[in-house]
S.K.: 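Have a look at this one before I ask anything.
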Amino acid sequence: MIVISVLELRLKPERVGSADDILRDTLNDTRARPGCLGVEVAIDVDDPAHIVVVEKWESLEADDDYRAWRASPEGASALGSVIAEAPALSRSLLRDDI
């Protein structure tokens with residue numbers, strides 16, 4: 001079953017204009033992971049420091065594997081240098097039978 005993971009990021013105010021390269025590199029690595037079906041980024045029109053990343057995974061296992069990889073030294077990214085607080089993550093199963 002497809003999983004939608006929503007990651008809410010809060011950028012450091014001084015990094016709002018300069019975080020794009022780090023976000024792009026980080027999310028390109030995410031897109032390349034096995035089981036990733038896509039990643040979209042939305043920036044709040046009233047607060048450009050608030051970014052929502054929507055990831056689509058082919059299964060909960062693929063998303064779990066990705067989260068474990070990100071928590072490892074080889075999966076670490078520079079994202080921590082631009083965010084002001086720990087990201088908030090929610091995961092949902094996509095239902096097409098309702």
Side-chain angles (χ1 to χ4, degrees):
M1 191 168 282
I2 292 176
V3 173
I4 303 296
S5 295
V6 178
L7 186 69
E8 290 203 50
L9 304 173
R10 172 75 48 199
L11 297 179
K12 294 176 182 176
E14 67 273 14
R15 296 305 303 265
V16 168
S18 62
D20 285 1
D21 287 339
I22 289 173
L23 288 166
R24 185 177 301 107
D25 289 346
T26 300
L27 297 176
N28 281 341
D29 289 345
T30 301
R31 291 178 181 104
R33 294 300 298 173
C36 182
L37 301 175
V39 177
E40 295 180 332
V41 178
I43 300 173
D44 190 318
V45 295
D46 295 321
D47 180 4
H50 179 217
I51 296 177
V52 177
V53 178
V54 180
E55 305 166 355
K56 191 174 184 181
W57 296 93
E58 66 183 23
S59 67
L60 191 55
E61 293 78 16
D63 189 26
D64 287 342
D65 289 345
Y66 167 72
R67 305 285 159 212
W69 174 74
R70 276 294 182 206
S72 73
E74 59 197 13
S77 75
L79 192 58
S81 69
V82 298
I83 58 174
E85 57 194 50
L89 174 67
S90 64
R91 302 187 310 168
S92 304
L93 295 176
L94 188 62
R95 297 277 308 267
D96 60 2
D97 62 331
I98 299 176

S.K.: Applying a strict under-4.5 Å side-chain criterion to I, L, V, M, F, W and Y, I'd like to know whether Val16 and Val52 cluster together.
M.R.: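 They do not share one cluster, since no chain of ILVMFWY contacts under 4.5 Å joins Val16 to Val52.
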
S.K.: Does some side-chain heavy atom of Ser81 sit less than 4.5 Å from a side-chain heavy atom of Ile22?
M.R.: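 In short, these two side chains touch, coming nearer than 4.5 Å.
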
S.K.: Are Ile43 and Val6 connected in the hydrophobic side-chain network, where two residues link if heavy atoms are under 4.5 Å apart?
M.R.: no

S.K.: Atom CG in Leu7, atom CG in Leu79: separation rounded to 0.5 Å?
M.R.: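 CG of Leu79 is found 7.5 Å from CG of Leu7.
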
S.K.: According to the side-chain hydrogen bond (donor to acceptor under 3.5 Å, both in side chains) rule, which pairs have a member within residues 35-44, sequence neighbours left out?
M.R.: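 As it turns out, the side-chain hydrogen bond (donor to acceptor under 3.5 Å, both in side chains) pairs with a partner in residues 35-44, which skip direct neighbours, are Asp44-His50.
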
S.K.: Would you please name every residue forming a side-chain contact (heavy atoms from CB on, under 4.5 Å) with Arg70, sequence neighbours left out?
M.R.: Thr26, Asp29, Thr30, Tyr66, Ser77

S.K.: When hydrophobic residues are tied together by side-chain contacts of less than 4.5 Å, even through go-betweens, does Ile4 share a cluster with Leu89?
M.R.: no

S.K.: Would you please test Leu23 and Val41 for side chain to side chain contact (heavy atoms under 4.5 Å, CB included) and show each step?
M.R.: CA-CA 10 Å; Leu23 288 166; Val41 178; 5.9 Å; no

S.K.: Could you grab the distance from atom CZ of Arg15 to atom CG of Asp20, nearest 0.5 Å is fine?
M.R.: 10.5 Å

S.K.: According to side-chain contact (heavy atoms from CB on, under 4.5 Å), who are the partners of Ser59, at least two apart in sequence or on a separate chain?
M.R.: Glu61, Ala62

S.K.: Shortest non-hydrogen contact from Arg91 to Ser5?
M.R.: CG-OG, 3.4 Å

S.K.: What's the spacing between Arg33 CZ and Asn28 CG if we round to 0.5 Å?
M.R.: 14.0 Å

S.K.: Write down the atom of Leu60, the atom of Val3, and the distance for their closest heavy-atom approach.
M.R.: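 Result for this residue pair: N-CG2, 3.4 Å.
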
S.K.: Testing the basics here: between Glu55 and Val39, what is the closest heavy-atom pair and its distance to 0.1 Å?
M.R.: CG-CG2, 4.1 Å

S.K.: Rounded at 0.5 Å granularity, tell me how far CD1 in Ile51 sits from CD1 in Ile83.
M.R.: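 With rounding to 0.5 Å, CD1 (Ile51) is 10.5 Å from CD1 (Ile83).
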
S.K.: Run the salt bridge (charged side-chain N to carboxylate O under 4.0 Å, His left out) test on Arg24 and Asp21 for me, step by step, so that the C-alpha distance in whole Å, both residues' side-chain angles and the decisive distance to 0.1 Å come before the verdict.
M.R.: CA-CA 5 Å; Arg24 185 177 301 107; Asp21 287 339; 2.8 Å; yes

S.K.: For Trp57 versus Pro34, what's the shortest heavy-atom pair and its separation?
M.R.: CZ3-O, 3.7 Å

